[in-house]
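Please read these numbers as outputs of a predicted model, since none were measured by experiment.
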Amino acid sequence: MTPDRAAGLAESARALAAGEVTSRALVERALARIEATRPTLNAFRVVRAEAALAEADAADRELAAGVRRPLLGVPVAVKDDMDVAGEPTAFGCRGEFPPAAEDGEAVRRLRAAGAVIVGKTNTCELGQWPFTEGPAFGETRNPWHTGHTPGGSSGGSAAAVAAGLVPAALGSDGAGSVRIPASWTHLIGIKPQRGRISTWPRGEAFHGITVNGTLARTVADAALLLDAAGGNHARDPHRPPRLTVSEAVGRDPGRLRVALSLKPPFTAVPARLRPEVRDRVLGLAERLAALGHTVEEADPPYGQIGLTFVPRATAGIADYVREAPDLALLDPRTRGAARLGRLLGGAPLRAARRAEAVLHRRIGAFFDSYDVLLTPTTAAPPPAIGALSGLGGLATDRAMIAACPYAWPWNVLGWPGVNVPAGFVGDGLPVGAQLLGPTASEPLLVSVAAQLESELRWHESWPPVAEPDNRVA
């Protein structure tokens with residue numbers, strides 16, 4: 001284990017259990033890395049230095065007494081839309097937020113597994129955009145190229161993991177907000193089945209389109225964090241049967257029928273796949289074919305699925321805005337989205353929810369012919385810092401859809417997806433591809449991702465030492 005970059009999640013847990021390192025040492029190193037990169041990466045909104053060290057000492061006492069838990073003493077981070085007892089949950093907003101009275105269910109389960117929560121990572125305002133910038137905290141930067149965004153809205157978690165500040169982190173994904181930053185920072189990002197990781201104290205975040213997910217450098221680490229955080233609160237409305245996803249890592253998936261889809265789902269504004277991104281996704285498709293899978297081009301029957309997304313997303317924003325301490329401090333784009341959400345929050349929202357069953361049947365039938373769907377995660381590499389942050393509402397939506405038209409349909413469906421690194425384009429900017437499946441397909445997707453990882457060894461690449469720059473793509 002080197003002090004300048006975190007070891008992996010599984011390796012950290014193994015070393016702790018073997019007595020090769022202490023939790024205090026790991027947490028001290030993580031805190032030092034976070035502090036050292038604050039001027040360059042700015043990944044964290046809240047750093048729990050004193051509390052985390054106390055928790056590390058408690059973990060070391062348990063380890064010395066022979067106690068073993070899956071993540072006992074391992075430092076991890078969570079996104080700042082998740083409640084951590086004693087800390088505010090600002091979700092990217094300005095203003096004074098009260099400290100949370102208790103942990104959210106996902107955080108509670110991480111603690112039960114023994115993890116030490118070192119801090120809460122930055123996210124754009126209410127998780128709306130694929131960049132992590134705002135007046136509440138400044139700019140979170142991409143460790144591969146600090147002139148560019150790490151994506152969003154789980155950009156702080158992605159930057160922290162990609163730079164080796166922590167071995168893994170939780171994020172949330174309402175329109176690709178785990179998969180997009182994973183793509184743009186060369187990480188594994190798992191968006192699990194709806195309900196697999198609880199979003200409690202919100203039974204349904206953004207009316208069911210947002211789920212909590214994991215970011216890590218390896219498939220095994222992302223799956224281990226998913227298993228540790230997974231499970232339900234007694235009052236969760238979505239309670240899928242328990243899976244141990246880690247068991248699928250290294251499992252032979254067999255010979256699969258893989259559909260390659262490069263066409264974006266219908267959107268109201270143009271979206272074009274950049275040729276350099278297309279080439280990297282095709283490279284992954286060729287690798288899957290070389291591994292013995294049958295790969296052919298086929299597009300899912302998405303239809304007008306976008307009409308079901310907008311009411312749920314904007315009504316969700318309106319829900320959060322009602323809780324904001326000072327509406328005047330919110331981004332004008334947020335206030336505009338909330339106004340639309342209040343308009344769509346009645347009959348249109350109910351119709352959008354009813355449509356999900358129809359979409360499940362129609363798009364589910366696609367998986368009678370194919371086992372896995374491979375698509376780009378984004379249509380473009382990560383934009384430069386500031387490229388989207390100063391735009392108006394419509395211009396932001398157009399730019400966002402143009403860059404990220406592929407991820408959001410799986411949020412409507414509530415089904416699993418895994419981003420895998422696809423390589424680099426331009427001036428060393430990471431891009432990724434999605435492995436997508438129907439309900440409860442996490443084990444299959446993880447087994448395919450791990451198979452690719454064993455061939456491509458993407459986790460062996462690290463970003464350069466983060467230095468501030470003003471380069472643009």
Side-chain angles (χ1 to χ4, degrees), residues 173 175-176 179 190-196 208-209 211 213 219 223 226 238-245 247-249 251-267 273 281-282 284-309 312 351-377 405-420 432-452:
D173 190 314
R179 290 163 290 156
I190 301 180
K191 172 214 172 298
Q193 176 78 25
R194 183 185 298 144
R196 184 78 63 207
I209 61 173
V211 302
V219 177
L226 173 56
H238 302 285
R239 304 171 61 86
R242 182 83 181 190
L243 292 175
T244 304
V245 180
E247 293 177 349
V249 177
R251 181 190 300 164
D252 184 354
R255 295 189 63 180
L256 303 176
R257 302 161 298 170
V258 179
L260 170 65
S261 178
L262 301 175
K263 180 182 178 181
F266 173 78
T267 56
L273 178 62
V281 177
L282 288 176
L284 280 182
E286 291 168 1
R287 186 58 63 111
L288 286 168
L291 286 166
H293 304 298
T294 300
V295 181
E296 61 184 48
E297 291 198 33
D299 299 319
Y302 288 119
Q304 302 296 313
I305 190 172
L307 297 176
T308 73
F309 175 82
R312 296 169 76 167
R353 297 302 304 261
R354 287 194 301 271
E356 187 177 312
V358 176
L359 292 167
H360 280 170
R361 288 193 297 271
R362 188 174 74 224
I363 299 174
F366 182 79
F367 290 98
D368 293 339
S369 301
Y370 300 99
D371 301 300
V372 174
L373 173 64
L374 174 69
T375 82
T377 303
Y406 291 100
W408 58 270
W410 246 243
N411 295 90
V412 173
L413 296 166
W415 293 343
V418 178
N419 176 79
V420 296
Q434 299 179 98
L435 299 168
L436 302 171
T439 185
S441 59
E442 291 100 326
L444 178 62
L445 301 179
V446 160
S447 68
V448 177
Q451 187 182 50
L452 283 170

Original post:
Lys191 side chain to Trp415 main-chain N or O, any donor-acceptor pair under 3.5 Å?
Top reply: yes

query = Are any of the side-chain heavy atoms of Phe367 and Leu373 separated by less than 4.5 Å?
reply = yes

Given Leu374 and Val295, is the side-chain contact (heavy atoms from CB on, under 4.5 Å) satisfied, shown in steps? CA-CA 9 Å; Leu374 174 69; Val295 181; 5.6 Å; no

Across all chains, not counting sequence neighbours, the ring pair (Phe, Tyr, Trp, His ring centres under 6.0 Å) partners of His238 are none

Heavy-atom nearest pair, Gly213 first then Pro192, reads CA-CD, 3.8 Å

CG (Leu291) and CD (Gln451) are apart, to the nearest 0.5 Å, by 4.5 Å

By side-chain contact (heavy atoms from CB on, under 4.5 Å), Ala355 pairs with (sequence neighbours left out) Thr308

Between Ala449 and Val418, the two heavy atoms sitting closest are CB-CG1, 4.3 Å

Thr377 side chain to Gln434 backbone, donor-acceptor under 3.5 Å: yes

When every non-hydrogen atom of Pro443 is compared with those of Leu243, the smallest separation belongs to CD-CD1, 3.7 Å

The salt bridge (charged side-chain N to carboxylate O under 4.0 Å, His left out) partners of Arg353 (sequence neighbours excluded) come to Glu204

Step by step, work out the side-chain contact (heavy atoms from CB on, under 4.5 Å) result for Leu256 and Leu444. CA-CA 10 Å; Leu256 303 176; Leu444 178 62; 3.9 Å; yes

Interatomic distance, CG@Leu359 vs CG@Leu413, rounded to 0.5 Å, equals 6.0 Å

Smallest heavy-atom separation, Gly176 atom then Asn411 atom, equals N-OD1, 3.4 Å

Rounded to the nearest 0.5 angstrom, the CD1-CD distance for Ile209 and Glu356 is 10.5 Å

Quiz item: Do the rings of Phe309 and Trp408 sit parallel, tilted or perpendicular, given the 30° and 60° boundaries?
Solution: tilted

Next on the checklist: Within the structure provided, determine whether Val446 and Leu226 are in side-chain contact (heavy-atom separation under 4.5 Å).
Outcome noted: no

d(Arg257 CZ, Asp371 CG) to nearest 0.5 Å is 4.5 Å

Residue set satisfying side-chain contact (heavy atoms from CB on, under 4.5 Å) with Arg361, at least two apart, ordered chain then number -> Ala357, Val358

query: Under 4.5 Å between any side-chain heavy atoms of Arg179 and Trp410, yes or no?
result: yes

Residues Ala223 and Ile190: closest non-hydrogen pair is N-CD1, 4.0 Å

Is the closest side-chain heavy-atom distance between Leu282 and Leu262 below 4.5 Å? yes

Pro240 meets the side-chain contact (heavy atoms from CB on, under 4.5 Å) criterion, sequence neighbours left out, with Gln193, Arg196, Asn232

Is any side-chain heavy atom of Val448 closer than 4.5 Å to a side-chain heavy atom of Val258?
no

If you count the non-hydrogen atoms of other residues, nucleotides and ligands that lie under 6.0 Å from CZ in Arg255, is the total more than 12? no

So CG of Leu435 and CG of Leu452: to nearest 0.5 Å the spacing works out to 6.5 Å

**Prompt:** Between Asp299 (side chain) and Ser261 (backbone), is there a donor-acceptor pair under 3.5 Å?
**Reply:** no

Looking only at atom types and distance, does a side-chain atom of Arg194 sit under 3.5 Å from a main-chain N or O of Val211, one as donor and one as acceptor? no

Minimal heavy-atom distance between Ile363 and Pro301, with the atoms involved, is CG1-O, 3.7 Å

Residues at least two apart in sequence or cross-chain that pass side-chain contact (heavy atoms from CB on, under 4.5 Å) with Pro405, listed by chain then number, are Pro264, Ala271, Ala379

